[in-house]
Amino acid sequence: MNPPSVSSPQIDRVYNHNPARVQGLRAWTLLAVLSAAAAALQVIESPLPRLLPWLKPGLANSLTLYALVRWTPGFCVALVVLRTLIAGLALGMLLSPANLLSLAGGLAGALAMWAGLLCGRDRLSLYGISIIGAAANNLAQLLTVQWMFASGFPLWFHLSVMLWVSIPSGMIVGHISRELLRRTA
Amino acid sequence: MMTAEESLARPLRGDLFLVLLLAVVGALLAHWNGANGTNSWQVQIVGRPEKTLVLDGLVAATYDTGGWLGTATIECDGANRWRFVRSPCPNQVCVRSGWFTSPVGVPCVPNGIIVEPRHQPAGVDGVSR
């Protein structure tokens with residue numbers, strides 16, 4: 001979807017009536033706003049109690065899905081990278097193992113949702129695509145732990161729990177994305 | 001005529017199929033792992049194999065172990081449950097997670113500690129000729 005035209009006289013003057021530059025400015029601004037909002041969601045979610053260390057709803061993924069549907073996959077990947085770095089900075093864990101886990105999960109989730117969007121046309125809704133993203137996010141984090149940590153780590157047990165958890169969390173995230181898309185249509 | 005975004009907003013039959021598929025695969029994985037219970041655990045520090053500790057799940061005790069960031073305290077309650085009591089990691093996710101039981105193994109990623117089930121080797125344990 002193309003962004004709506006911007007008719008601010010100040011922006012037009014600064015950018016010398018160049019629509020491409022105005023559109024670029026708008027994309028950068030939106031990326032900054034969405035990254036900050038997604039990072040805030042990730043930070044807020046971080047101290048909540050959970051059943052297992054990495055079980056959380058992943059509310060920041062709602063903005064990833066929103067960006068994927070409304071904008072482009074490249075924009076979406078940039079959003080994931082920026083929000084992970086900002087959240088890592090805010091939590092004092094920038095480029096720590098936990099931050100890298102978050103980055104791996106976020107990127108895998110974004111790529112899986114993109115694949116779901118392309119392949120699941122007319123078969124999957126935002127809910128299904130979001131569930132795929134949640135499952136991919138969980139799987140990528142587990143594989144990263146497996147790679148970083150011990151080989152005897154009980155990956156399959158955690159995967160079973162995370163597959164179940166990805167169903168409700170994916171539905172919550174899908175519903176939030178749906179509302180975001182509806183209210184900003 | 002519906003736009004692409006409007007058509008994505010309505011739940012479809014494929015969503016239901018996906019939910020059922022994940023639930024069934026999750027159940028099968030859990031069932032497969034359920035048979036692998038253990039009463040002993042090993043605490044590993046990533047990159048420091050010499051610091052590996054063995055916890056007996058049936059003995060109530062407290063163990064201190066040094067991770068990447070500092071000393072973490074792990075407690076066993078004697079009923080095959082254990083938990084992180086103290087950890088120097090920033091978010092305290094491991095501590096807030098509470099008690100764990102078999103067959104769950106859990107890492108504290110920032111501190112580089114992993115607690116995992118310790119399985120006894122099965123079958124032949126030596127070869128002679």
Side-chain angles (χ1 to χ4, degrees), chain A residues 1 46-56 69-70 91-93 96-101 116-117 120-132 134-135 144-145 148-150 152-167 170-171 174 177-179 181-182 185, chain B residues 3-34 36 38 42 44 46 49 52 68-69 84 89-94 96-98 100 102-119:
Chain A
M1 179 182 174
S46 173
L48 297 178
R50 53 192 90 168
L51 186 64
L52 285 171
W54 42 68
L55 288 186
K56 53 182 184 174
V69 174
R70 182 63 60 85
L91 292 168
M93 298 193 302
S96 69
N99 198 217
L100 296 179
L101 279 184
L117 202 58
R121 196 174 294 277
D122 299 328
R123 286 187 290 270
L124 290 174
S125 70
L126 283 174
Y127 295 98
I129 292 167
S130 172
I131 290 171
I132 289 177
T144 311
V145 168
M148 285 165 60
F149 276 25
F153 186 70
L155 174 78
W156 301 110
F157 175 80
H158 284 275
L159 186 59
S160 66
V161 176
M162 293 180 111
L163 284 181
W164 286 332
V165 171
S166 63
I167 296 170
M171 291 178 87
S177 309
R178 178 184 149 175
E179 284 302 304
L181 288 164
R182 188 176 68 80
Chain B
T3 64
E5 282 186 15
E6 283 169 348
S7 66
L8 276 172
R10 290 187 315 145
L12 298 170
R13 196 169 294 175
D15 300 330
L16 183 62
F17 176 75
L18 184 66
V19 167
L20 289 175
L21 180 72
L22 288 182
V24 169
V25 172
L28 288 175
L29 285 174
H31 177 72
W32 178 46
N33 279 279
N36 295 333
T38 179
Q42 59 184 15
Q44 292 187 330
V46 177
T52 299
W68 293 343
L69 301 177
F84 283 96
C89 58
N91 284 341
Q92 299 288 298
V93 172
C94 54
R96 283 200 310 272
S97 296
F100 297 101
S102 174
V104 182
V106 173
C108 172
V109 174
N111 204 18
I113 293 180
I114 179 167
V115 185
E116 58 186 10
R118 184 165 174 266
H119 297 293

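Letters go in sequence order (proteins before strands), and every chain restarts at 1. Side chains included, hydrogens not; waters and symmetry mates left out as well; all remaining heavy atoms used.
With a threshold of 4.5 angstrom between heavy atoms, A:Leu117 approaches chain B through side-chain atoms but not through N, CA, C or O. Residue A:Ser166 touches chain B through its side chain alone, counting heavy-atom pairs closer than 4.5 Å. Residue contact with chain B, scored on non-hydrogen atoms closer than 4.5 Å, is absent for A:Asn99. Both the backbone and the side chain of A:Leu181 come within less than 4.5 Å of a heavy atom of chain B. Proximity to chain A (any heavy atom under 4.5 Å) is restricted, for B:Leu18, to the side chain, taken from C-beta onward. Residue B:Pro90 touches chain A through its side chain alone, counting heavy-atom pairs closer than 4.5 Å.
With respect to chain B, the highest number of heavy-atom pairs below 4.5 Å among A:Arg178, A:Arg182, A:Glu179 belongs to A:Arg178.
Side chain of A:Ser160 to backbone of B:Leu29: no donor-acceptor contact under 3.5 angstrom is found. At distances below 3.5 Å, not a single donor-acceptor pair connects side-chain atoms of B:Asn111 with backbone N or O atoms of B:Cys108.
Considering all non-hydrogen atoms of both residues, A:Leu126 and B:Ala9 come closest at CD1-CA, 4.5 Å.
Other residues, nucleotides and ligands place no more than 12 heavy atoms under 6.0 Å from the CE atom of A:Met171.
Looking at residues two or more places apart in sequence or on another chain, you find a side-chain contact (heavy atoms from CB on, under 4.5 Å) between B:Val24 and B:Leu28.
Atom OG of A:Ser96 sits about 9.5 Å away from atom CH2 of B:Trp68, to the nearest 0.5 Å.
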